[in-house]
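Below is one structure, written out as structure tokens; the observations come after it.
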Amino acid sequence: MTRPARLKGIAASIGVAVGPARVIGRERRRLSYRRIDEETVSSELARFEQAVSKSRAEIEAARQELTQQHGSTYAPILDVYLLMHGDALLIDAISETIRNERINAEWALSRVAEHLKKPLLEDASSYFRERAHDIDHVKEHLLRHLHGEHRSEPSTEGPTVLIAHDLTPADAVHMLAPPTVGLVTEMGAGSSHTAILARTFGVPAVVGVGPLPVEIEDDEVVLVDGFSGDVTVGASPEERRAAEIRRDRFTAFLEAERSTSAVTRDGVSISVTANVELPSEVEAALENGAEGIGLYRTEFMCLDRMEPPSEDEQFEVYRRVVTAMAPKTVVFRTFDWRGDKRLRVHDLGERQRAWMKTQVKAVLRASGEGSVALMFPMVATVEEFRGARALVEQCRGELSNESASSAELPIGMMVEVPSAALLAERFAQQADFFAVGTNDLAHYTLAFDRRDSRSAARPLDPAVLRLLERTVAAATRADMPCSMCGDMAADPVGLSMALGLGYRQISVPVSVVPLARAVIRNVDLRTAAEVARDALECSSADAVRELVVDRLGAHLGALWEEQGIA
Ligand code: PEP
Ligand code: MG
């Protein structure tokens, strides 16, 4: 076994962590099939029911712990697990399988769970695939209690880097507290619960590294790079020292950058807003000096539900966010279920149209409380966007019939499908603003999976750059606001390129806001524009990256070196 071993995953929570490994859940459970006779059915059912109630108690305790530490925002993440403990399709079906087929509880549990997961895993939408993991997590809890096992406890000694196959949300609440300083998981994506909770707890994390190719021993030194998604196991003393220096510098850097300005070397102000997924991030957005919320991903409030919250419930959340941010603007994006085309505006079913109207009405009501804008994701055709605007007008009419007030607000669209970028001039006549989603734009232009850990480099591909340039040029000619809210703007090289292409507004994850300002202060726009022109003639993303590092590195070098970028 060679050391150091290097793994690559998805950078899910920024920062650098250094510490001894703590591997949990290494023992893979082997499930055994056992037939039971008539007389033991009732004791098997009782054993299963006891496991359900112990598991429920464990999750309730975690929910309480989470609420005490971070308020009620995250409670729904655990509520869904509690609901699943009383779900007829899951729990009753397991009891019935034990009773009717006379098989042991573990086997029945596994059978029912696999049956429920199958259609979810086959769905095109990552939202539904993520729900299959929820079933796995509940299964994991129940199996643990059926086996009479206890949950791993956090180490009581110094800082540790947690290494796991995956964490259930209840375990994450428990395990991401100190002394855990970093997290590495085999499973997961940037939007998985584990990733969200890692960001909430401020724990640098790399998820989705895939099957661990090396047998990692407890106490081996592990380095977690939450910027690049790199994990080093069994680091040398020199590597360890270098990582510790980066970690400490980054902490100090964040402190110092909290209230700096975002003005380029040649004196142009750039607007830096934050991308937010949950209301609890608003406080950190303000602390980090964000000038507003440029992208509020509302679908996160549905992560743990079978359908979206009611209009009143949504209004309450939106109102709180808008009031906390006032007078700064909050841009709410309607629910984006990603690959699930059925939820695009133009071909909504009746049920989904009702959901969308509920949401639009809630946003319109909240618009009276501060500065609000509304935008639609995945817009691909001009008719679609016209349909979206018509829907907003219909909602406004209904609200006025209900004597509810709503203010006028800008209605914009994400530019993240190549067709929207190609016809940007036409869309610019219809929309009040553009927000460019480089994650999906790169995905749909280059036909690669956005969960691919190498995806961070892709927006720099010259094909994507040409679409980005076309979009911002059309917006500038129409004198309309155009921000970049995809993750390209969160990458210092990508951000420098965005500035060169003409973007003057960016929106980045809350934790990246200070770093983005530091990059902006080091960029000279005239040079960046020259570099961007040359980049459009390059033939690969790697060549573009090299070009940017080479030409802008003189000013940005020290900063990049510190962040381990160049
Ligand atoms: C994008 O696609 O770049 C974007 C910002 O939206 P999301 O990442 O939520 O799909
Ligand atoms: Mg998108």
Side-chain angles (χ1 to χ4, degrees), residues 10-13 124-130 189-192 195-196 199 207-208 272-278 281 290 292-303 330-341 343-345 359 373-380 384-385 388 412-421 424 433-453 455-461 464-465 467-468 471-472 481-491 494-495 497-498 501 503 505-513 516:
I10 298 163
S13 175
S125 155
S126 58
Y127 173 79
F128 288 107
R129 286 199 302 271
E130 200 53 45
S191 63
S192 61
I196 296 169
R199 290 196 283 270
V207 301
V272 182
T273 56
N275 295 346
V276 161
E277 275 111 38
L278 292 163
E281 290 178 277
I293 294 178
L295 166 62
Y296 192 105
R297 291 180 164 106
T298 57
E299 62 275 11
F300 272 74
M301 69 167 67
C302 304
L303 268 189
V330 181
V331 182
F332 289 107
R333 179 176 75 185
T334 56
F335 301 134
D336 178 6
W337 275 279
R338 308 269 154 85
D340 192 343
K341 304 292 183 292
L343 289 168
R344 291 221 327 234
V345 187
Q359 178 174 38
L374 176 66
M375 72 175 168
F376 291 86
M378 290 290 164
V379 177
E384 222 174 289
F385 188 70
M413 58 179 270
M414 297 277 302
V415 176
E416 54 183 347
V417 179
S419 60
F433 64 92
F434 286 159
V436 181
T438 54
N439 308 338
D440 279 309
L441 190 62
H443 160 74
Y444 289 111
T445 305
L446 300 166
F448 76 95
D449 189 335
R450 59 181 270 168
R451 287 168 300 169
D452 184 328
S453 59
S455 63
R458 308 295 174 131
L460 289 177
D461 190 285
V464 182
L465 295 184
L467 294 176
L468 292 174
T471 305
V472 72
C482 175
S483 81
M484 177 182 284
C485 61
D487 286 325
M488 172 170 160
D491 161 29
L495 170 53
M497 179 52 61
L501 289 171
Y503 288 81
Q505 294 177 22
I506 58 150
S507 197
V508 294
V510 172
S511 51
V512 179
V513 168

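In listed order, ligands and their atoms are each counted from 1.
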Task: Rounded distance [0.5 Å steps], CE in Met413 versus CZ in Phe434 - done: 5.5 Å
Open item on the list: With nothing but distance in play, are any N or O atoms of Glu299 less than 3.5 Å from an N or O of ligand 1?
Closed with: no
Open item on the list: Between Ser419 and Ala380 (side chain of the first, backbone of the second, donor and acceptor by atom type, cut-off under 3.5 Å), is there such a pair?
Closed with: yes
Open item on the list: Quick check on contacts: which atoms of ligand 1 are under 4.0 angstrom from a heavy atom of Gly486?
Closed with: 3 (O), 5 (C)
- [ ] For Arg297, counting its heavy atoms only, list the atoms of ligand 1 lying under 4.0 Å from any of them.
- [x] 4 (C), 5 (C), 6 (O), 7 (P), 8 (O), 9 (O)
- [ ] Please state whether Arg333 comes within less than 4.0 angstrom of ligand 1, counting heavy atoms only.
- [x] yes
Open item on the list: If we ignore hydrogens and angles and just use 3.5 Å, is the side chain of Ser483 paired with the main-chain N or O of Ile506 as donor and acceptor?
Closed with: no
- [ ] Give a yes/no on ligand 1: does Met414 have at least one heavy atom closer than 4.0 angstrom to it?
- [x] yes
- [ ] Would you confirm whether Glu277, through its side chain, and Arg297, through its main-chain N or O, come within 3.5 Å as a donor-acceptor pair?
- [x] no
Open item on the list: Under a 3.5 Å distance rule, please check whether Thr438 uses its side chain to pair with a backbone N or O of Met488 as donor and acceptor.
Closed with: yes
- [ ] Quick one: look at Leu295 and ligand 1, take heavy-atom pairs under 4.0 Å, and tell me if it's side chain, backbone, both or neither.
- [x] side chain
Open item on the list: Give me the atom names and distance for the closest heavy-atom approach of Ala435 to Met375.
Closed with: CB-SD, 3.5 Å
Task: Close-contact set for ligand 1 against Asp440 heavy atoms, below 4.0 Å - done: 1 (C), 2 (O), 3 (O), 10 (O)
TODO: Round to 10° and report the angle made at the Mg ion (ligand 2) by OE1 of Glu416 and OD2 of Asp440.
DONE: 100°
